[in-house]
There are 2 protein chains.
Amino acid sequence: MDTKRKTPIGRPRAFDADAALERALLVFWANGYEGASLDDLTEAMGITRTSMYRAFGNKEDLFRKALQRYSEGPAAYVPRAMEEPTAREVATAFLNGSVRTTTLPGCPAGCFGVQGSLAAGEAGRRAQQALAVWRNDGITVLRERMQRAIDEGDLPAGADADQLARYLMAVSNGIAVQAAGGAERAELQLVADIALRHWPLG
Amino acid sequence: MDTKRKTPIGRPRAFDADAALERALLVFWANGYEGASLDDLTEAMGITRTSMYRAFGNKEDLFRKALQRYSEGPAAYVPRAMEEPTAREVATAFLNGSVRTTTLPGCPAGCFGVQGSLAAGEAGRRAQQALAVWRNDGITVLRERMQRAIDEGDLPAGADADQLARYLMAVSNGIAVQAAGGAERAELQLVADIALRHWPLG
DNA sequence: CCACTAGCGCACCGATCGGTACCGAAGGAG
DNA sequence: CTCCTTCGGTACCGATCGGTGCGCTAGTGG
């Protein structure tokens with residue numbers, strides 16, 4: 001069918017879907033999947049339940065789209081960090097980005113990928129799994145980058161790419177947990193600094 | 001009044017309150033505060049709602065008592081680790097204990113103090129704050145132990161007790177997040193090992 | 001101008017939430 | 001035994017949960 005016409009037939013939507021998704025992300029980020037009710041979400045988005053369902057599907061779909069937006073927005077420092085020339089610079093950019101993003105003014109403290117749904121009841125299990133996959137994908141990206149560094153001779157041949165990747169992700173996640181508990185950016189930067197002091201941890 | 005008589009007046013309770021609290025802890029641990037419904041909890045505890053309310057107060061009280069039990073049970077490795085003679089041994093016992101407890105067979109993967117309520121809606125905000133306080137208390141205990149090590153000359157005088165404490169807690173929390181995502185104990189042990197490789201991180 | 005399509009929002013759905021009133025049952029104190 | 005206190009279970013409370021049916025409205029295409 002003609003699903004991609006320039007001007008869609010019918011009444012055009014009266015709200016900015018991108019802006020609404022951004023608001024939804026903030027609510028999920030602050031309250032988690034189960035802690036964010038449809039009333040909370042739609043009120044923040046400035047639309048009614050019906051409009052939300054038409055535009056995004058349902059609560060779970062909205063959560064997944066918010067996660068994608070998180071990846072492309074606040075968490076975009078991750079793929080950027082992978083482009084650094086050396087493993088040390090990759091690790092530094094990754095952890096510094098983690099500190100910055102988990103203490104972003106105007107955004108909830110912590111990492112959406114961690115606190116969005118770390119534990120959940122039956123209702124939120126799918127959201128929980130989606131975030132677990134997201135975090136594991138992050139470890140995979142780090143591992144591949146570390147392996148490349150080993151192959152290029154940037155890291156010693158005996159280094160363990162998986163171990164380094166998991167370590168960096170653990171420090172990043174730990175920073176996120178402390179940020180969620182109210183830690184200041186300067187305190188968390190010290191954590192990132194000390195984690196990098198002896199890099200490459202040979 | 002006579003609140004502490006040897007044999008309490010009235011019908012004695014027909015269930016083991018300690019065992020019931022243990023079961024409740026497991027449910028909160030696995031599902032989080034908001035993800036654990038009273039039906040889930042009471043079914044696991046083997047008692048009715050009424051008995052639970054009589055014995056423990058309400059859901060929030062039950063959660064706090066479960067947290068206390070967690071501290072005295074699975075998380076008892078923390079105060080034990082603080083009694084190790086050197087800072088290096090303290091750090092090693094702390095992180096190894098973290099790996100063990102977050103991957104305990106028969107228990108939910110991860111740390112109750114992290115995933116019990118990292119983010120929450122209005123209903124779970126008090127539980128969330130209780131866990132934030134609990135985690136900050138953990139950092140305080142570590143900081144005081146690190147300061148003692150500095151005072152005793154075990155760590156160099158220029159060391160930063162707060163920084164070391166936050167770093168150790170970050171690695172521990174990061175291990176917990178990865179455990180919640182399904183990581184194996186052996187993988188997490190490698191994370192702990194690498195974090196300790198260059199201790200005392202001078 | 002009309003027909004069609006789709007956004008919008010009210011009102012409502014059944015299910016489930018945490019919490020409680022009530023009542024019969026069970027055991028100690030006298 | 002009788003009183004008294006507490007336990008345990010049923011049945012229920014109002015509130016809120018995620019999700020929808022339906023009528024109205026606002027645009028586009030012919």
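Naming: A, B, ... by sequence-line order, numbering from 1 per chain.
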| message | Without decimals, in angstroms, what is the distance between A:Met45 CE and C:dG7 C1'? | response | 14 Å
| task | Measure from CD on B:Glu122 to P on C:dG18 and round the result to the nearest Å. | result | 16 Å
| field | Inter- and intrachain pairs under side chain to side chain donor-acceptor pair (under 3.5 Å), touching residues 73-94 of chain A, at least two apart | value | A:Thr86-A:Glu89
| Could you run down nucleotides 11-19 of chain D 5' to 3' and tag each one B, S or - for protein heavy-atom contact under 4.0 Å? | ------SBB
| Contact class for A:Arg13 vs. all strands (heavy atom < 4.0 Å): base, sugar-phosphate, or nothing? | sugar-phosphate
| field | Distance-only polar pair, side chains of B:Asn173 and A:Gln178, donor-acceptor under 3.5 Å | value | no
| request: With sequence neighbours excluded, give me every salt bridge (charged side-chain N to carboxylate O under 4.0 Å, His left out) pair touching residues 37-50 of chain A. | output: A:Asp39-A:Arg49
| Hey, are A:Arg125 and A:Glu122 close enough for a salt bridge, meaning a charged N less than 4.0 Å from a carboxylate O? | yes
| query | Please give, in whole Å, the distance from C:dG9 P to A:Glu43 CD? | reply | 14 Å
| field | Candidates B:Asp162, B:Asp137, B:Asp160 - the one meeting salt bridge (charged side-chain N to carboxylate O under 4.0 Å, His left out) with B:Arg143 | value | B:Asp162
| field | 5' precedence on DNA chain C between B:Arg11 and B:Arg54 (nearest-nucleotide basis) | value | B:Arg54
| query | Do the ring planes of B:Trp29 and B:Phe112 sit parallel (below 30°), tilted (30 to 60°) or perpendicular (above 60°)? | reply | perpendicular
